[in-house]
Amino acid sequence: KNQVEQSPQSLIILEGKNCTLQCNYTVSPFSNLRWYKQDTGRGPVSLTIMTFSENTKSNGRYTATLDADTKQSSLHITASQLSDSASYICVLRRVGNTPLVFGKGTRLSVIA
Amino acid sequence: GAVVSQHPSWVICKSGTSVKIECRSLDFQATTMFWYRQFPKQSLMLMATSNEGSKATYEQGVEKDKFLINHASLTLSTLTVTSAHPEDSSFYICSASRGGQINEQFFGPGTRLTVL
């Protein structure tokens, strides 16, 4: 079983609409949780990084939340734009100098 | 700041040849660099971790003699795919970290390798 599960696997929304992507994890303890945006054929770009003690972090139209009790994180995108079409990846860093744990991502398509 | 580049962005080679991919941190010194492989619609899979001046640490199942990693300086790491085969065709992504409490990794744009 993956330690980081993301849902939905894919999502199609109309331009201008909001959406929320989910990330459930079993990694514990962890140092920080990150959300990345990966355009097709490109490397991931960091959107937000939250330590285990933070509940929310915003970056423009992106707002990430973290509930350490339920081991869930979400990424909310407001007023979506066509350029938001990409894969959004939830990533956790365990405590200590250990590799990152990646989710499989949610593929978001924003259509006009 | 924190820009990581990769070269080439894509490469096509014949089976049996070797291919070198460069990863550079352009505006910071990277204490650690990482090499990932990503197949279509899959998550990134860590291949190896390298620290400047020392041997790379490979993940289980990754052949160190096939994927040669050199980390000669704090701004440059190279991955050489030796005797490439079609099954090595993939998207290779490097990342660089400058340490610190958050230890954020900055990813390169990736290199698309196609082995014919």
Side-chain angles (χ1 to χ4, degrees), chain A residues 1-11 21 23-25 27 29-54 57 59 64 66 86-109, chain B residues 1-11 21 23-26 31-51 54 56-62 90-114:
Chain A
K1 181 171 168 50
N2 289 332
Q3 294 181 306
V4 180
E5 295 275 1
Q6 291 188 242
S7 62
Q9 192 173 34
S10 62
L11 180 64
L21 314 180
C23 174
N24 294 341
Y25 60 90
V27 176
F30 68 96
S31 174
N32 55 68
L33 184 148
R34 312 149 183 230
W35 282 93
Y36 286 91
K37 176 186 179 186
Q38 184 178 20
D39 292 308
T40 300
R42 305 291 294 176
V45 174
S46 179
L47 296 176
T48 63
I49 298 179
M50 291 182 290
T51 65
F52 65 90
S53 60
E54 293 181 289
K57 182 71 69 77
N59 178 5
L66 174 61
S87 285
Y88 291 83
I89 308 171
C90 176
V91 183
L92 273 85
R93 169 174 287 285
R94 293 191 183 94
V95 174
N97 190 23
T98 55
L100 299 177
V101 185
F102 289 81
K104 288 189 175 182
T106 292
R107 177 70 202 175
L108 174 67
S109 298
Chain B
V3 178
V4 176
S5 70
Q6 281 184 241
H7 178 81
S9 56
W10 59 272
V11 58
I21 303 171
C23 176
R24 293 180 186 272
S25 56
L26 298 184
T31 54
T32 308
M33 286 186 168
F34 306 83
W35 286 97
Y36 295 85
R37 183 166 50 182
Q38 186 179 32
F39 293 105
K41 298 185 180 180
Q42 297 294 315
S43 57
L44 279 72
M45 296 189 306
L46 180 65
M47 298 175 67
T49 302
S50 73
N51 293 293
S54 60
T57 301
Y58 290 81
E59 294 299 301
Q60 191 173 13
V62 179
S90 187
F91 192 52
Y92 291 87
I93 305 173
C94 75
S95 71
S97 171
R98 53 191 173 191
Q101 186 175 6
I102 296 294
N103 203 13
E104 184 171 5
Q105 287 187 28
F106 301 94
F107 289 85
T111 296
R112 171 72 60 191
L113 170 63
T114 301

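If you're wondering where the values come from, they're calculated on a predicted model, not measured in any experiment. Naming convention: chains lettered A, B, ... in sequence-line order (proteins, then strands); numbering from 1 in each chain.
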Report task. Kindly assign one of parallel, tilted or perpendicular to the pair Y36(B) and F102(A), based on the angle between their ring planes and the thresholds 30° and 60°. Result ->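 Ring orientation of Y36(B) relative to F102(A): perpendicular.
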Query raised in the report: Can you say whether Q6(B) sits under 4.5 Å from chain A via the side chain, the backbone, both, or neither, judging by heavy atoms?
Result: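 Looking at Q6(B), nothing touches chain A.
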Query raised in the report: Side chain, backbone, both or neither: which part of L44(B) has a non-hydrogen atom closer than 4.5 Å to chain A?
Result: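 For L44(B), backbone and side chain are both near chain A.
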Query - side-chain contact (heavy atoms from CB on, under 4.5 Å) assessment of R94(A) paired with Q3(A) - result: CA-CA 11 Å; R94(A) 293 191 183 94; Q3(A) 294 181 306; 2.5 Å; yes
Query - Options R107(A), Q9(A), K104(A), ranked by heavy-atom pairs under 4.5 Å with chain B, top entry - result: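 Of the options given, most contacts go to K104(A).
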Report task. For side-chain contact (heavy atoms from CB on, under 4.5 Å), just list the numbers for V4(B) and C23(B), CA-CA rounded to whole Å, side-chain angles, deciding distance to a tenth of an Å, and then say yes or no. Result -> CA-CA 7 Å; V4(B) 176; C23(B) 176; 3.7 Å; yes
Query - Engaged part of Q38(A) at the chain B interface, taking heavy atoms whose separation is under 4.5 Å - result: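 Side chain only.
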Query raised in the report: Where do W35(A) and L21(A) land on the side-chain contact (heavy atoms from CB on, under 4.5 Å) test, with the steps shown first?
Result: CA-CA 10 Å; W35(A) 282 93; L21(A) 314 180; 4.2 Å; yes
Query - Atom CZ of F52(A) with >12 non-hydrogen neighbours under 6.0 angstrom - result: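 No, CZ of F52(A) has 12 or fewer neighbouring heavy atoms, counting only those of other groups under 6.0 Å.
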Query raised in the report: Most heavy-atom pairs under 4.5 angstrom with chain A, which of M45(B), Q38(B), K41(B)?
Result: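 Most heavy-atom pairs under 4.5 Å with chain A: Q38(B).
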